[in-house]
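Okay, so here's the structure we're looking at.
In what follows, chains carry the letters A, B, and so on, assigned in the order in which the sequence lines appear, proteins first and then strands, with residues in each chain numbered from 1.
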Amino acid sequence: MSDLSKNSPTTVGSEFARGLAATFPLMVSAIPFGVIFGTLATNAGLSPLAVMSMSVFVFSGSAQFIAILLLGTGSALGVIWLATLILNLRHLLYAATLVDHVRHLSQTWRFGLAAMLTDETFAVMERRYREEGGGPNAHWYYLASCLGMYLNWQFWTYIGIVLGTEFPEVKNWGLEFAMIVTFTGIVVPALRSAPFWAAAVVAGVVATLGNFLPYKLGLMLGALAGILVGLGLQEWKRRKTGIAGETA
Amino acid sequence: MSATEITLMIAGMALINLAIRWPVYLFADHVRFPPLVERALAFVPVAVLTAIIVPATLYPDADQGIQLSYMNPYLVGAVVAAVVSWKWKKLMPTILIGMAVFFVTRWMVGV
C-alpha cells in the first residue's frame, strides 16, 4: 500500500500536474510584480517591444526592475550589466543546490531547466527533492514549474504594458509587497532548526545594515554571512554530538 | 538611451543571466561538490530570501531611513504573514492574509 502510493505519482502527466499545482501560488503572487514591471518600464520610455523582449529573454524580475531603475537615473550600460550580474549571482547557488537532480538529463533538458530557473521554481524544487527525493519523471515537475512561471510572467508583463499606457499610477499601489509576503511564506516553514534560524537572522541583519551599498551588494553580503553562520553552527553541533557519540 | 543601446542592454542582460544559470548544469558531469559545500548549499534559500525581504520591509521608500514602526504597512504585513506561515505552513493563506493586512494598514495609515 505504501509502496503503491509512493510509485503512483511518478508518471509524466502527474508529475507535470503536481509541479504546476505546487507553483500555482507563486504564479499568483507574481501577477502584481509582472504588472508593475510592465507599467514601470512603459513609463520609463521603453517601447512595448523592448519591454516584452526583456521579459522573454532576460526572465528575471529583480534584474529587470533594477535595469528600469538604473535607466531612470541615466546609468551606463556597463553599470546595468554589472548590477544584473551581482544581483543574480544567487542563481549560481540555486543551480549548485539542484545539480545532483539534473545530472542524468540530456543537455537540452539541462539548458531549459537552467535558463528558466528563478527564485520561485528553486523554492518549489528544493522542497520537492527534500521531501520526496527524485524519481524517473521528476524533471517534468521541474519543467511544469518553469513553464508556469515563464508564461505567467509574459502574460502579466503584457497586461502591465497595456495598463501602464492607460493608468500610469498603478506603480504607486504598493503591489510589490506581494514579493515580500511570498518569500516570507517560503522562508518561515524552512526554519527547521537553530542553524537555519541563525542563518535567517544574520542574513536579515547584515543585508539591512548593508542596504546603503550600491547594486544590492548588501543582499549578497547578507546571504553569504547567513550561509556561513548557519553552516558554522551546524558543523559545531555535528562535531559536538559526534564526540558525544564516540565517548558514549 | 537609443534603440540600439536598449537592444544591447537587453541582449547583455540575457547573456549574463544565462552565464550565471547554465554552466553548473552544462558541466554537471564534471562538477561534484564536496560534502561540506553541499551542506552549506542547504542554507541558500533561507539566507538569500531573508536577505531580500528584511531590507525591503524596513526600507520601503528608497529615499527615507529605516521604518521600524507599526505605521509601516510593509513591516506589519510581513510580520502577520510570518505568523500565519508559522501557524499553518501554507503558502496561499500566507500571501492572501499578508496582502490584506498590508492594504488595510496602508489605508489606515493613509499613505
Can you tell me how far the CG atom of A:L77 sits from the CD1 atom of B:I6, to the nearest 0.5 Å?
-> 8.0 Å

Any idea which of A:G226, A:G222, A:A178 has the most non-hydrogen atom pairs under 4.5 angstrom with chain B?
-> A:A178

What do the steps show when you test B:F43 against A:Q234 for side-chain contact (heavy atoms from CB on, under 4.5 Å), and what is the final call?
-> CA-CA 10 Å; B:F43 290 95; A:Q234 194 186 53; 3.6 Å; yes

So, the part of A:D119 with a heavy atom under 4.5 Å from chain B: the answer is side chain

Measure distances from A:F122 to the heavy atoms of chain B and classify the residue's part below 4.5 Å as side chain, backbone, both or neither.
-> side chain

Compare every heavy atom of B:I95 with every heavy atom of A:P25, then report the nearest pair and how far apart it is.
-> O-CD1, 3.7 Å

Run the side-chain contact (heavy atoms from CB on, under 4.5 Å) check on B:I52 and A:R90 step by step: do they pass?
-> CA-CA 11 Å; B:I52 294 175; A:R90 65 182 190 280; 4.2 Å; yes

Of all of A:H104, A:E235, A:R130, which one pairs up most often with chain B through heavy atoms under 4.5 Å apart?
-> A:E235

Distance-minimising heavy-atom pair for A:T182 and B:L91 = O-CD1, 3.8 Å

Considering all heavy atoms of both residues, which atom of A:T184 and which atom of B:S85 are nearest to each other, and what is their separation?
-> O-OG, 4.1 Å

Name all residues meeting the side chain to side chain contact (heavy atoms under 4.5 Å, CB included) criterion together with A:L213; count only those two or more places apart in sequence or in a different chain, and write none if there are none.
-> A:L217, A:L221

Residue pair A:V99, B:F33: steps toward the side-chain contact (heavy atoms from CB on, under 4.5 Å) verdict = CA-CA 10 Å; A:V99 67; B:F33 294 102; 3.9 Å; yes

A:L71, part contacting chain B, at a heavy-atom distance under 4.5 Å | side chain

Can you name the closest pair of heavy atoms from B:A40 and A:I227 and give their distance?
-> O-CG2, 3.6 Å

Turns out that what part of A:L228 lies under 4.5 Å from chain B's heavy atoms comes down to neither

Looking only at A:F177, A:F183, A:W109, the option with the highest number of non-hydrogen pairs under 4.5 Å against chain B is A:F177

Crowding at NZ, B:K89 (>12 non-hydrogen neighbours, <6.0 Å) | yes

Answer yes or no: does atom CZ of A:R127 have more than 12 heavy-atom neighbours from other residues, nucleotides or ligands under 6.0 Å?
-> no

Would you say the side chain of B:E38 lies within less than 4.5 Å of the side chain of A:D100, judging by non-hydrogen atoms?
-> yes

Heavy atoms only, distances under 4.5 angstrom: which of A:S29, A:S60, A:A190 has the most pairs with chain B? Name it, please.
-> A:S60

Looking at A:A207, A:G230, A:A114, which has the largest count of heavy-atom pairs under 4.5 Å with chain B?
-> A:A114

Side chain / backbone / both / neither for A:V102 at chain B, heavy atoms under 4.5 Å = side chain

By side chain to side chain contact (heavy atoms under 4.5 Å, CB included), A:T208 pairs with (sequence neighbours left out) B:V54, B:P55, B:L58, B:Y59, B:I66

Which answer fits A:V206, side chain, backbone, both or neither, if we ask what part of it has an atom under 4.5 Å from a heavy atom of chain B?
-> neither

Do you know which of B:I53, B:T94, B:I97 has the most heavy-atom pairs under 4.5 Å to chain A?
-> B:I53

Region of B:L26 in contact with chain A, defined by heavy-atom distances below 4.5 Å = both

Can you tell which part of A:F24 gets under 4.5 Å to a heavy atom of chain B, answering side chain, backbone, both or neither?
-> neither

Selection from A:A225, A:G232, A:P195 maximising heavy-atom pairs under 4.5 Å formed with chain B | A:P195

How far apart are the closest heavy atoms of A:L191 and B:W86, and which atoms are they?
-> O-CZ3, 4.2 Å

Side chain of A:R110, backbone of B:Y25: donor and acceptor closer than 3.5 Å?
-> yes

Specify the closest pair of heavy atoms between B:R21 and A:A115, including all atoms of both residues, with the distance to one decimal.
-> NH1-O, 2.9 Å

Side chain from CB out, backbone as N, CA, C, O: work out which of these in A:A95 comes under 4.5 Å of a heavy atom of chain B, or both, or neither.
-> both

Considering only heavy atoms and a distance below 4.5 Å, find which of B:V84, B:L36, B:V37, B:T57 pairs most often with chain A.
-> B:L36

Could you look at B:L8 and say if it's the side chain, the backbone, both or neither that has a heavy atom under 4.5 Å from chain A?
-> both

So which part of B:Y74 gets closer than 4.5 Å to some heavy atom of chain A, the side chain, the backbone, both or neither?
-> both

Test item: A:W81 side-chain N/O and B:M9 main-chain N/O as donor-acceptor pair under 3.5 Å | yes

